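Order of appearance sets the numbers: ligands from 1, and atoms from 1 within every ligand. Note that this is a predicted model, so its numbers are computed, not measured.
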Amino acid sequence: MHTEKAIEVVGLRQRYGDFEAVRGVSLEVRPGELFALLGTNGAGKTTTLETLEGYRSAHAGTVRVLGRDPHRDRREVRPSVGIMLQEGGFFADLTVAETIDVWRDLTPRARDRAELLELAGLLKQEKVRVRQLSGGQKRRLDLALAIVGHAKVLFLDEPTTGMDPEARGDTWQIIRDLVADGTTVLLTTHYLEEAEQLADRLAIMHQGRIEIAGTVGEVLAGHGDRIGFRVPPQLPVAELPSLTLPAPSGSSVDAQVAVNGGQTVATYRLTEEAGLQHALGELLRWADERDLRLSGLQVRSASLEDVFLHVVGHTTGEDDR
Ligand SMILES: Nc1ncnc2c1ncn2[C@@H]1O[C@H](COP(=O)(O)OP(=O)(O)OP(=O)(O)O)[C@@H](O)[C@H]1O
Ligand SMILES: [Mg+2]
């Protein structure tokens with residue numbers, strides 16, 4: 001199939017009755033790329049994925065997977081696609097091995113059962129009935145089923161939700177290996193670290209729209225630096241210094257005080273890179289003059305979490321949901 005884009009979405013709109021869940025989403029994923037869709041609950045991620053998976057036709061806009069319409073040309077597209085739904089549906093009375101075999105029977109060029117059990121870390125659960133699996137083990141079985149065939153494109157809707165940190169790390173490695181083999185992956189996640197670790201590019205969705213998209217570097221750019229420290233216990237919060245940006249701006253730096261694990265933490269948010277040294281100098285002089293020790297002092301770039309909260313917090317849609 002000839003196409004330069006494995007996945008292409010242009011101006012997608014989706015509605016449930018008179019509620020518009022997806023409001024003009026556009027994105028592209030190139031072959032062999034991993035794209036992460038982040039966003040608030042109810043942002044429209046699953047709806048977007050289900051459209052790409054061919055479960056529903058677009059209300060407006062176009063979607064293409066491997067150059068074809070995944071709903072209209074479902075029969076042609078489906079064999080090249082692996083799908084992990086947000087909530088998988090299993091036959092609870094089948095064992096793990098039987099479940100995998102049912103899927104293998106339906107899939108051309110299926111991987112071996114043993115390989116899938118090993119990949120998903122379910123060797124010990126081979127004979128366990130699906131109803132007896134833990135939440136994280138069910139998720140791993142979902143992943144095994146998504147990769148039964150040698151899919152060119154994988155849609156993974158919250159692949160690691162409910163997994164313990166070790167299983168999550170193992171799953172990341174499986175996904176990395178698939179991408180290294182040339183598989184295109186579009187996944188959703190609420191774990192920002194997952195996106196940071198895996199994604200070539202990502203987008204943050206809120207209320208049916210993509211608010212920001214790009215590489216991690218592009219998304220973080222322009223969100224400045226942070227200075228943080230634990231507020232000394234004897235110091236009233238009102239006496240914290242007001243830091244300023246250098247002339248000619250001279251404006252004061254946005255500050256926040258939060259209680260974190262029983263400690264009061266002050267964070268100054270610098271939007272201009274040039275301001276960091278100036279503000280840090282002011283802070284250190286202020287502390288020296290008062291003979292205060294600023295424990296936990298740190299200077300860092302904006303994190304994906306900072307950007308997420310900023311983007312989501314500053315978007316008040318025309319309607320609230
Ligand atoms: N079948 C449906 N009928 C009516 N409304 C729906 C249906 N499915 C989803 N919605 C609504 O559409 C919006 C988008 O839902 P969607 O599942 O796409 O969000 P999401 O971004 O995947 O959220 P989450 O992170 O919680 O999984 C939500 O407000 C949801 O309530
Ligand atoms: Mg969802």
Side-chain angles (χ1 to χ4, degrees), residues 7-29 34-65 70-71 74 81-90 135-136 138-143 145-146 153-163 168 171-172 175 185-199 201-214 219 304-305 307-321:
I7 299 168
E8 187 179 22
V9 179
V10 183
L12 174 66
R13 290 178 178 273
Q14 270 313 5
R15 44 174 65 249
Y16 299 107
D18 56 10
F19 169 65
E20 193 167 43
V22 176
R23 305 169 175 205
V25 160
S26 300
L27 63 89
E28 280 177 22
V29 190
L34 188 144
F35 193 99
L37 207 47
L38 308 172
T40 43
N41 288 131
K45 301 179 296 297
T46 296
T47 304
T48 301
L49 240 62
E50 286 178 355
T51 310
L52 283 162
E53 290 157 355
Y55 290 119
R56 51 182 98 248
S57 58
H59 183 255
T62 53
V63 294
R64 293 286 178 269
V65 174
H71 185 72
R74 189 166 160 73
V81 167
I83 295 174
M84 186 171 175
L85 297 176
Q86 185 165 356
E87 281 181 48
F90 300 120
K138 281 201 184 109
R139 219 55 201 129
R140 296 194 218 176
L141 180 57
D142 271 321
L143 179 64
L145 300 182
V153 177
L154 270 181
F155 295 108
L156 308 175
D157 200 350
E158 297 192 27
T160 64
T161 292
M163 287 187 185
R168 179 166 300 133
T171 304
W172 290 354
I175 294 173
V185 180
L186 175 55
L187 62 77
T188 73
T189 183
H190 288 295
Y191 301 107
L192 302 180
E193 193 198 345
E194 187 159 299
E196 248 163 350
Q197 290 271 337
L198 297 178
R201 288 185 306 124
L202 59 90
I204 300 176
M205 267 186 93
H206 185 49
Q207 297 187 341
R209 296 191 178 88
I210 288 181
E211 296 296 343
I212 191 167
V219 166
L304 202 47
E305 184 174 343
V307 175
F308 185 101
L309 295 174
H310 180 76
V311 161
V312 163
H314 282 70
T315 339
T316 37
E318 60 268 29
D319 60 354
D320 278 327
R321 293 187 255 168

Inset, instruction - Could you pull out, from Thr46, Thr40, Thr189, the option with a heavy atom nearest to atom 17 (O) of ligand 1? - result: Thr46
Legend entry - Spacing of CZ belonging to Phe308 relative to CD1 belonging to Ile212, to within rounding of 0.5 Å: 12.0 Å
Legend entry - For atom 26 (O) of ligand 1, the option (of Leu49, Asn41, Thr51, Asp157) bearing the nearest heavy atom: Asn41
Legend entry - N, O or S atom of Thr46 closer to the Mg ion (ligand 2) than 2.8 Å: yes
Inset, instruction - State, to 0.1 Å, how close Arg23 and Gln207 come at their nearest heavy-atom pair, and which atoms those are. - result: CD-O, 3.4 Å
Legend entry - Contact check: Gly42 vs ligand 1, nitrogen or oxygen atoms, below 3.5 angstrom: yes
Inset, instruction - Determine whether any heavy atom of Glu158 lies closer than 4.0 Å to an atom of ligand 1. - result: yes
Legend entry - Proximal candidate to atom 25 (O) of ligand 1 [heavy atom criterion; set Arg15, Lys45, Arg56]: Lys45
Inset, instruction - Give a yes or no on whether Thr188 keeps an N, O or S atom under 2.8 Å from the Mg ion (ligand 2). - result: no
Inset, instruction - Could you pull out the closest heavy-atom pair between His206 and Thr40, with the gap in Å? - result: ND1-OG1, 2.8 Å
Legend entry - Heavy-atom gap Met205 to ligand 1 smaller than 4.0 Å: no
Inset, instruction - Mind checking the CG-CG spacing from Leu37 to Leu49? Nearest 0.5 Å is all I need. - result: 7.0 Å
Legend entry - Nearest non-hydrogen partners of Ile83 and Ala146, listed with the distance: O-CB, 3.5 Å
Inset, instruction - To the nearest 0.5 Å, tell me how far Met205 CE sits from Lys45 NZ. - result: 7.5 Å
Inset, instruction - Enumerate the atoms of ligand 1 whose separation from the nearest heavy atom of Phe19 is less than 4.0 angstrom. - result: 11 (C), 12 (O), 13 (C), 29 (O)
Legend entry - Under 3.5 Å: donor-acceptor pair, side chain of Thr188, backbone of Glu158: yes
Legend entry - Within-4.5 Å side-chain heavy-atom neighbours: Trp172 and Thr160: yes
Legend entry - For Ala43, atoms of ligand 1 separated by under 4.0 Å from a heavy atom: 19 (O), 20 (P), 21 (O)
Inset, instruction - List every atom of ligand 1 that sits less than 4.0 Å from any heavy atom of His190, numbering the atoms from 1 in the order shown and giving each element. - result: 25 (O)
Inset, instruction - Consider ligand 1: state whether an atom of it lies below 4.0 angstrom from any non-hydrogen atom of Gly44. - result: yes
Inset, instruction - For Thr47, counting its heavy atoms only, list the atoms of ligand 1 lying under 4.0 Å from any of them. - result: 14 (C), 15 (O), 16 (P), 18 (O)
Inset, instruction - First locate atom CD of Gln14, then atom NE2 of His59, and finally report the distance between them rounded to the nearest 0.5 Å. - result: 8.0 Å
